[in-house]
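The structure under discussion appears below in the form of C-alpha cells.
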Amino acid sequence: MSTVSTRATRKGVVRTRPLVAAAFLLPALALLGALVVYPIGYSVHRSFFDASGNGFVGFDNYHEVFSDERIRTALKNNVVWVVVAPGLATALGLVFAVLTERVRWGTAFKLVVFMPMAISMLAAGIIFRLVYEQDPDRGVANAVWVGVHDTFAASAPYPGAHPRPDGGLAADPDGAFTTTSALRAGSPAPVPLVAVKPRYAKGERDAQPPRAEPGKVTGTVWLDFTRGGGGTPGRVDPGEKALSGVKVEAVRDGRTVASATTGADGTFTLPAAADGARLRLPAANFAERYRGAEWLGPTLVTPSIIGAYIWMWAGFAMVLIAAGLAGVPRELLEAARVDGANEWQVFRRVTVPLLAPVLGVVVITLVINVLKIFDLVYIIAPGSSLPDANVLALQLYQSSFGTAVNQGLGSAIAVLLLVLVLPVVIVNIRRIRKEGRR
Amino acid sequence: MTALDATPRVTAVRGRRPWPARLAARLGGGAVRLVLVAVGLFWLMPTVGLLLSSLRDRSDIASSGWWQVFAHPGQLTGASYDTLFHNDKVMHSLLTTTLITVPATVLVILVGAFAGYAFAWLEFPGRDWWFMGVVGLLVVPVQVALIPVAKLFNALGIFESTPGVVLFHTAFGLPFAIFLLRNFFAEIPRELLEAARLDGAGELRMFLRVVLPLGGPAIASLGIFQFLWVWNDMLVGLIFADSGNPPITVALQQQVRQFGDNVDILASGAFLSMVVPLAVFFAFQRQFVSGVMAGAVK
C-alpha cells in the first residue's frame, strides 16, 4: 500500500565505489541485523532448550504450547480475536466510509472515529476500564444496559426492604411478607416498611394514611422512617414517604383472590373479595435489582476487549476504505442506479466488489495487528479474569519476564507468532517485486 | 480540505427521478445523518467519560458515573490533576517518554534516509535482494526480539535504560522507514541528481542538498508515524526501560492493578498522556493519514 510506486530497474545515478554504498547502508543494516534478524535466529534456537537454557529438549516447548491449559486458552482467544475483530472493524469501516460520502460534515465524523488511533492502547485501556465498570451507577456500559433491560423487564421497586419486626407482617420462606392477621373490609391496613435504600425512595411523595372505605379493603405501604428521628413506628407520620408501585395480593388458603399496586401516595384498594384474606407482599417487590452484565468477568472479558479494539481500529479501516472509494468511478455507480438498482444493490454488487483489493489489505493488516495484541488485554482485564483473557503475546511476556520464567517456552511462542505472520511476508515481497517489474 | 476528506461527494442526478424516489432519498438521507450523529456521539463517549472522570473527585468517581456532572456541575474539580502534578514519578515519566520518543524519531529518519537513498540511487551488488530482505522484515512482531535483545542489552550494559529503548524502537521502525523513503526518493527526477553530479557533488552532498529537501513530505509522514508509535508504546518500555524511570505508559500501567485506589491518577494521567499525540494528530492529520496508508501492513 505505498502511495508512491517504484520505478522499473533503475541504474544508480552514477557508479559509486561499493564502499560508499556500504557506508550509507551500514547504520541501518547493523541495527536491523543485531536487533531484528539475529533475534529471529536466536529465538528459533532458544525455543529448543529448557528454562535454564542448557538442556536441549527438542520440540518439547512447542508441545507444551499446544498442551498447557493456559496457553491453549491463549490460542483459543487468539483465534476468536482473529476471526471476529478484523472482520467487524472492516465491516464498520466500510459502512462508515460509504455513509460519510453522502454527508457534508463527513470529515468531522471521520475525525471523531479516527481519533482513537492516535492514542495509546494504555489510554484506551484505562478509558474502557471506566466504561466496563460493573456498577451500573458508575460504568456507562452497564448504565445503558440496565436501562434497556429495565425498560423491557420490570424491576423490583425496593430491593432489600422489609417490614418492621413488630409490624404485623411475617417473612415467608420465598422472601415474600404476609400479614399475621386477616384483612377486614372497612378497616384500613397499615403496611410499614423499613430498610429502603435512600436512592430507591428518592422522588417519592409523602405517604397518605389509609382511608376506610365501606365494602373495600384499603391500606398504605410506606417507609416508616422519619428523617431526623421522631415519629411513631407503625403510624403514617407527616413527612414519611410513600412507597409507590408495590404489588400487594390478598391470599386466602394459598390462593390469590385479589391484587393491586400502590399508588403515588402509597395507598391501595382491594375489592370486597379480599375480606378475610391475608395480605401478602410478593418477593418480586424486594428482589435485588438487575446489576447489568459482568463485562470483565470470565465469559465476557474477551468480547469486551475486542469491543475496545474495534473502537480504536474501525477508523483505520474507514480511512483506508474511504481512500479506495475515492478511486471508484462515479459513472459506474450512476449507471447502476439509472439501470434501476437500489442503493443496497449498488453497494453490494458494484461498490464492494470494486473495493475488494482495499478490503483485503485492511483485513490482512488488522489480522497481523490482532495476532500481536497485548496492551489492551493487559490493561483492561482485571487480575481475576486475566487468565480467561489470555492471548499469545501476553503469555509470551509472562513466560519470559518476571518470576518463574521459562524463556525456552517464551521463545517457542515467539516463533509461533512469527510463523503466523510469515504468509504476509511472502505476499508483501511478491507485491514489491511485481511493482518493481512494472 | 483535510487529509481525511479525500472522497469526492456524490452528486446525484436530481430532477430526473420521480418524486416518490426523491422523497425516499430525502428520508434516507435524514436517516443516514441521524445514524452518523448517533455513531459519532457513541464514539466520543468513552473519551468524554475519561475527561469528565479526570475532572471529578476520587470519592465522586467511586460513588457515581461521570454523567452525573451534567446534573451537578459543581463536582468538576482539578483535584486529580493537582495530585498528578505533585506525583513526581508520573511527571518525570513524561520527560522520559520525550527523551525516548524524540531520539527514536530522529534516528529512524536519519538512518532510514541514508539507507533509502542508497537503495534508490546507489549501485551495489544485490541491491534489490537486500531491499526485499528489508521489506520482509516489515511485519516481524516485536515479540520475537524481546528475549534475545534483552540478553544482548544486558551484555552491553544498556538493559533497562533509555538508550536501549531508543535503539530498539529505531531498529523496529527501520524497515518501514526504508521502505517508505526508498520509494519516495526513487521518484525524484534523475536530472536533478545528474545536475548536482555535474556540479561536482559527491554522494553525501547530493543526499544532503537534493534528496533530503525533496523528501520532505515522506519524511514528515514517517516522523509523525514513528513519533506516535513510540510515544504510545508500552510493551517495549515495560521490558527495556529502567523500571525506576519508566515512560508514561509504563508508569501508569504500574498503577492499574489497584484500579479503584488510583483511579484519579489513572484518569488524569491517561488524559495527560493523550494530549501530545492528539495535538500531533490534529496538527498533522494529512501526514499521519498518508503514513498510516503507506504502512498499512506494519
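Given the structure is predicted, the values throughout are model-derived calculations rather than measurements. Every chain is numbered from 1, with letters handed out A, B, ... down the list of sequences.
- Nearest heavy-atom pair, A:Y378 versus B:M234, reported as atom, atom and distance to 0.1 Å: CD2-CE, 3.7 Å.
- Residue B:A218: no heavy atom, backbone or side chain, is found under 4.5 Å from chain A.
- Heavy atoms of B:L36 lying under 4.5 Å from chain A belong to its backbone as well as its side chain.
- The structure places NZ of B:K151 at 5.5 Å from CZ of A:R46, a figure rounded to the nearest 0.5 Å.
- For chain A, the nearby part of B:L152 is the side chain; its heavy atoms alone come within less than 4.5 Å.
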Practice task
Apply side-chain contact (heavy atoms from CB on, under 4.5 Å) to B:L235 and A:Y397, showing your working.
Solution key: CA-CA 9 Å; B:L235 176 59; A:Y397 173 71; 4.2 Å; yes
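- Using a 4.5 Å cut-off between heavy atoms, B:W231 does not touch chain A at all.
- For A:A118 against B:L228, the heavy-atom pair with the smallest separation is O-CD2, 4.1 Å.
- Both the backbone and the side chain of B:V37 come within contact range of chain A, judged by heavy atoms closer than 4.5 Å.
- The structure places CG of B:L146 at 10.0 Å from CD of A:Q407, a figure rounded to the nearest 0.5 Å.
- One finds the CD atom of A:Q395 at 12.5 Å from the CD atom of B:Q143 (value rounded to the nearest 0.5 Å).
- One finds the CZ atom of B:F131 at 11.5 Å from the CG atom of A:L25 (value rounded to the nearest 0.5 Å).
- Looking at every heavy atom in both residues, B:A150 comes nearest to A:F401 through CB-CE2, 4.1 Å.
- With chain A as partner, the option from B:A177, B:A270, B:S221 having the largest number of non-hydrogen pairs under 4.5 angstrom is B:A270.
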Exercise for the section: Give the intermediate values and the outcome of side-chain contact (heavy atoms from CB on, under 4.5 Å) for residues A:Y42 and B:V149. Expected result: CA-CA 9 Å; A:Y42 182 95; B:V149 174; over 6 Å; no
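- For the set B:P125, B:S64, B:G116, B:G49, the entry with the most heavy-atom pairs within less than 4.5 Å of chain A is B:S64.
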Exercise for the section: Start with the C-alpha gap between A:L122 and B:Q253, add the side-chain angles, then the distance that decides, and say whether side-chain contact (heavy atoms from CB on, under 4.5 Å) holds. Expected result: CA-CA 7 Å; A:L122 167 99; B:Q253 181 275 329; 4.0 Å; yes
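- Contact tally against chain B (heavy-atom pairs below 4.5 Å) for A:L31, A:L35, A:L371, A:V425: the top residue is A:L35.
- Shown here are the side-chain hydrogen bond (donor to acceptor under 3.5 Å, both in side chains) partners of B:S268, two or more places apart in sequence or in another chain: there are none.
- Counting non-hydrogen atoms of neighbouring residues, nucleotides and ligands closer than 6.0 angstrom, the CZ atom of B:F282 exceeds 12 such neighbours.
- Only the side chain of B:I178 has a heavy atom closer than 4.5 Å to any heavy atom of chain A.
- Contact annotation: the side chain of A:F374 approaches that of B:L238 to within less than 4.5 Å [non-hydrogen atoms, C-beta and beyond].
- Using a 4.5 Å cut-off between heavy atoms, A:L422 makes no contact with chain B at all.
- B:L204 touches chain A through backbone and side chain together, each having a heavy atom under 4.5 Å away.
- Heavy atoms closer than 4.5 Å to chain A are found in the side chain of B:S53, but not in its backbone.
- Of all heavy-atom pairs between A:I127 and B:P46, the closest is CG2-CB, 3.3 Å.
- Heavy-atom pairs under 4.5 Å with chain A peak, among B:S63, B:P141, B:A113, at B:P141.
- A centroid separation of 6.0 Å or more is found between the aromatic rings of A:F24 and B:F119.
- Residue with the most contacts toward chain A among B:L266, B:L278, B:I147: B:I147 (heavy-atom pairs, distance under 4.5 Å).
- With a 4.5 Å cut-off on non-hydrogen atoms, B:F207 touches chain A through its side chain but not through its backbone.
- Residues A:V36 and B:F168 are not in side-chain contact: their nearest non-hydrogen atoms beyond the backbone lie 4.5 Å or more apart.
- Heavy-atom distances place both the backbone and the side chain of A:V113 under 4.5 Å from chain B.
- In terms of non-hydrogen atom pairs under 4.5 Å with chain A, the most contact-rich of B:V134, B:N232, B:V256 is B:N232.
- For residues 412-420 of chain A, the interface with chain B (any heavy-atom pair closer than 4.5 Å) comprises A:A414, A:L417, A:L418, sorted by residue number.
- A 6.0 Å sphere centred on CZ of B:F284 holds no more than 12 heavy atoms belonging to other residues, nucleotides or ligands.
- Of the atoms belonging to B:T170, it is side-chain heavy atoms, and not backbone ones, that fall under 4.5 Å from chain A.
- Interface check for chain A: of the options B:L137, B:I239, B:V142, B:L107, the most heavy-atom pairs under 4.5 Å are formed by B:I239.
- Here A:R138 contributes atom CZ and B:Q68 contributes atom CD; the two are 12.5 Å apart, rounded to the nearest 0.5 Å.
- In this structure, chain B has a heavy atom under 4.5 Å from the backbone of A:P136, while its side chain stays farther away.
- Rounding to the nearest 0.5 angstrom, the gap separating the CE atom in B:M274 from the CD1 atom in A:I126 is 10.0 Å.
- With a 4.5 Å cut-off on non-hydrogen atoms, A:I379 touches chain B through its backbone and its side chain both.
- Interface remark: A:V362 contributes no atoms to any contact with chain B (heavy atom separation under 4.5 Å).
- The aromatic rings of B:W43 and A:F96 lie perpendicular to each other, with more than 60° between the two planes, well past the 30° mark.
- Annotation for B:S273 and A:A123: closest pair OG-CB, 4.3 Å, computed over non-hydrogen atoms.
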Exercise for the section: Report the C-alpha separation of A:L130 and B:W66 in whole Å, then their side-chain angles, then the decisive distance to 0.1 Å, and conclude whether the side-chain contact (heavy atoms from CB on, under 4.5 Å) test is met. Expected result: CA-CA 9 Å; A:L130 290 168; B:W66 49 263; 5.8 Å; no
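- In this structure, A:S43 contributes its side chain and B:V144 its backbone to a donor-acceptor pair below 3.5 Å.
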